[in-house]
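Below is one structure, written out as structure tokens, with a few remarks after it.
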Amino acid sequence: LTLRLVGMAMQRAARGEELPWGEKLKEGMSRAAMLIEERGLLKKPDGMHLNEDELKLASSLVEVMRVGRESMGWHQVVVGQSGAPAPLRPPSIQPSALTLLKILQPCLRIVLSVLGNMGRAEGGAGALELAKSALGEVQLTVHAASTGLAFAGARDVGLLVLASLRKAIRLREEAGDEDSAKEMKDLVIIVAAEMSQRHEIEAITRREGEAEGGGG
């Protein structure tokens with residue numbers, strides 16, 4: 001019952017019946033996402049597929065991730081003169097984004113945790129479609145986090161995604177789902193490239209800062 005009720009609430013928000021999301025709705029969605037994560041409503045043993053209600057909830061979370069990302073929820077930094085991200089000062093510049101991040105972070109963790117439980121071998125066409133949608137949104141999320149978060153935050157998102165994909169790939173291979181495993185391996189390469197690019201930008205920014213400091 002809890003799974004269905006939470007799923008219905010997230011579906012309604014994800015469908016965009018109230019856009020842009022108001023502050024009360026965002027607070028409620030944040031609490032709902034935390035409830036899903038803390039109670040393990042989508043936590044499944046390795047090798048078990050998601051049932052119909054779980055697929056609907058996972059699909060809603062992916063859609064929430066999309067809407068939140070497109071609403072600049074991962075945009076917590078501004079671009080400095082050098083073209084490299086710089087932390088927002090003061091934080092009140094983006095209060096809406098700060099609230100959205102409280103929704104997006106648990107949604108990302110939950111979706112990543114069930115990637116290995118959906119694919120060609122389980123759940124039929126619905127699970128396969130959701131798996132493709134989830135991987136696509138994870139890729140876009142990593143890019144948004146890489147360009148929108150401060151370096152430490154962007155790095156943490158990238159590492160979380162890589163670790164989650166590693167486990168999901170193993171589970172899909174054990175299930176004989178080589179196609180899904182291949183798609184995940186391709187995503188690993190993309191995420192690693194995003195992280196490498198952001199690391200290079202951070203290194204350039206630090207060198208420029210040190211040069212400016214030394215010149216002053």
Side-chain angles (χ1 to χ4, degrees), residues 1-17 29 32-33 35-37 39-70 73-74 103-146 157-195:
L1 179 59
T2 301
L3 180 65
R4 291 186 179 182
L5 290 175
V6 174
M8 290 173 60
M10 296 300 275
Q11 281 180 352
R12 181 176 179 180
R15 288 172 185 160
E17 296 178 11
M29 293 172 64
L35 175 68
I36 296 170
E37 187 173 29
R39 294 198 177 183
L41 297 183
L42 283 182
K43 188 174 183 179
K44 305 288 289 186
D46 292 351
M48 290 190 65
H49 66 272
L50 303 179
N51 61 37
E52 183 177 353
D53 288 334
E54 291 166 339
L55 284 173
K56 289 180 179 179
L57 178 54
S59 178
S60 297
L61 294 176
V62 172
E63 185 63 12
V64 166
M65 289 171 61
R66 181 191 68 79
V67 175
R69 173 180 52 77
E70 292 179 351
W74 292 100
I103 302 170
L104 294 173
Q105 287 176 324
C107 285
L108 173 62
R109 290 193 296 266
I110 297 165
V111 170
L112 288 174
S113 71
V114 295
L115 282 179
N117 300 95
M118 49 188 173
R120 295 181 184 278
E122 296 99 6
L128 176 59
E129 181 179 351
L130 175 57
K132 289 182 175 295
S133 176
L135 288 177
E137 183 54 43
V138 168
Q139 178 180 341
L140 293 172
T141 291
V142 169
H143 178 71
S146 179
V157 169
L159 291 175
L160 171 64
V161 171
L162 289 177
S164 300
L165 284 172
R166 181 179 180 182
K167 178 181 178 181
I169 290 169
R170 175 178 61 79
L171 292 176
R172 300 319 309 152
E173 288 179 337
E174 291 176 354
D177 186 2
E178 293 297 333
D179 290 337
S180 294
K182 173 64 167 56
E183 292 175 358
M184 292 177 184
K185 291 176 181 177
D186 291 342
L187 183 52
V188 166
I189 296 174
I190 294 172
V191 173
E194 286 274 6
M195 294 180 67

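The analysis underlying the following values was restricted to heavy atoms, covering all of them including side chains, and did not include hydrogens, waters or symmetry mates.
Once rounded to the nearest 0.5 Å, the distance linking CG of Asn117 with CE of Met48 reads 8.5 Å. Interatomic distance, CZ of Arg69 versus CG of Leu108, reported as 12.0 Å (0.5 Å rounding). If you take CD on Glu183 and CG on Asp177, they are separated by 8.0 Å, rounding to the nearest 0.5 Å. Atom CG of Leu135 sits about 11.0 Å away from atom CG of Leu140, to the nearest 0.5 Å. Summarising the geometry, atom CG belonging to Leu61 is positioned 4.5 Å from atom CG belonging to Leu57; distances are rounded to the nearest 0.5 Å.
Here the options are Leu165, Val138, Asp179, the test is side-chain contact (heavy atoms from CB on, under 4.5 Å), and the partner is Met184; only Leu165 passes. Checked against Glu137 for a side-chain contact (heavy atoms from CB on, under 4.5 Å), the options Val142, Val64, Val62 give a single hit: Val62.
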Original post:
Going through the distances and angles, do Leu55 and His49 end up as a side chain to side chain contact (heavy atoms under 4.5 Å, CB included)?
Top reply: CA-CA 9 Å; Leu55 284 173; His49 66 272; over 6 Å; no
Subject >> From CA spacing to verdict: salt bridge (Lys or Arg N to Asp or Glu O under 4.0 Å), Lys182, Glu178 >> reply: CA-CA 6 Å; Lys182 173 64 167 56; Glu178 293 297 333; over 6 Å; no
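Considering all non-hydrogen atoms of both residues, Val157 and Ala145 come closest at CG1-CB, 3.9 Å. The heavy-atom pair separating Leu50 from Leu42 by the smallest distance is CD2-O, 4.5 Å. Val111 and Ala134 get closest at one heavy-atom pair: CG1-CB, 4.0 Å. The two residues Arg172 and Gly116 have their closest heavy-atom pair at NH1-O, 2.9 Å. Residue Val191 comes nearest to Gly158 through the heavy atom pair CG1-O, 4.0 Å, listed as atom of the first residue, atom of the second, then distance. Shown here for Ser59 and Leu130, the closest heavy-atom pair between the two residues is CA-CD1, 3.6 Å.
Side-chain atoms of Val161 and Thr141, non-hydrogen and from C-beta on, never get closer than 4.5 Å to each other. In this structure, the side chains of Ile169 and Val188 come closer than 4.5 Å at one or more pairs of heavy atoms. Inter-residue side-chain proximity for Glu173 and Lys185 is flagged as met; some heavy-atom pair is nearer than 4.5 Å. The closest side-chain heavy-atom distance from Leu115 to Leu171 is not below 4.5 Å. The side-chain heavy atoms of Asp46 and Arg170, taken from C-beta on, include a pair separated by under 4.5 Å.
Of the possible donor and acceptor atoms, one in the side chain of Ser164 sits under 3.5 Å from a partner among the backbone N and O of Leu160.
Arg166 is linked by a side-chain contact (heavy atoms from CB on, under 4.5 Å) to nothing, counting only residues two or more places apart in sequence or in another chain. Checked against side chain to side chain donor-acceptor pair (under 3.5 Å), Gln139 has no partners two or more places apart in sequence or in another chain. Here Glu63 pairs with Arg66 under the salt bridge (charged side-chain N to carboxylate O under 4.0 Å, His left out) rule; sequence neighbours left out.
Counting heavy atoms of neighbouring residues, nucleotides and ligands inside a 6.0 Å radius, atom CD of Glu52 does not exceed 12 of them.
A salt bridge links Lys44 with Glu54: the distance from a Lys NZ or Arg NE/NH1/NH2 to an Asp or Glu carboxylate oxygen falls below 4.0 Å.
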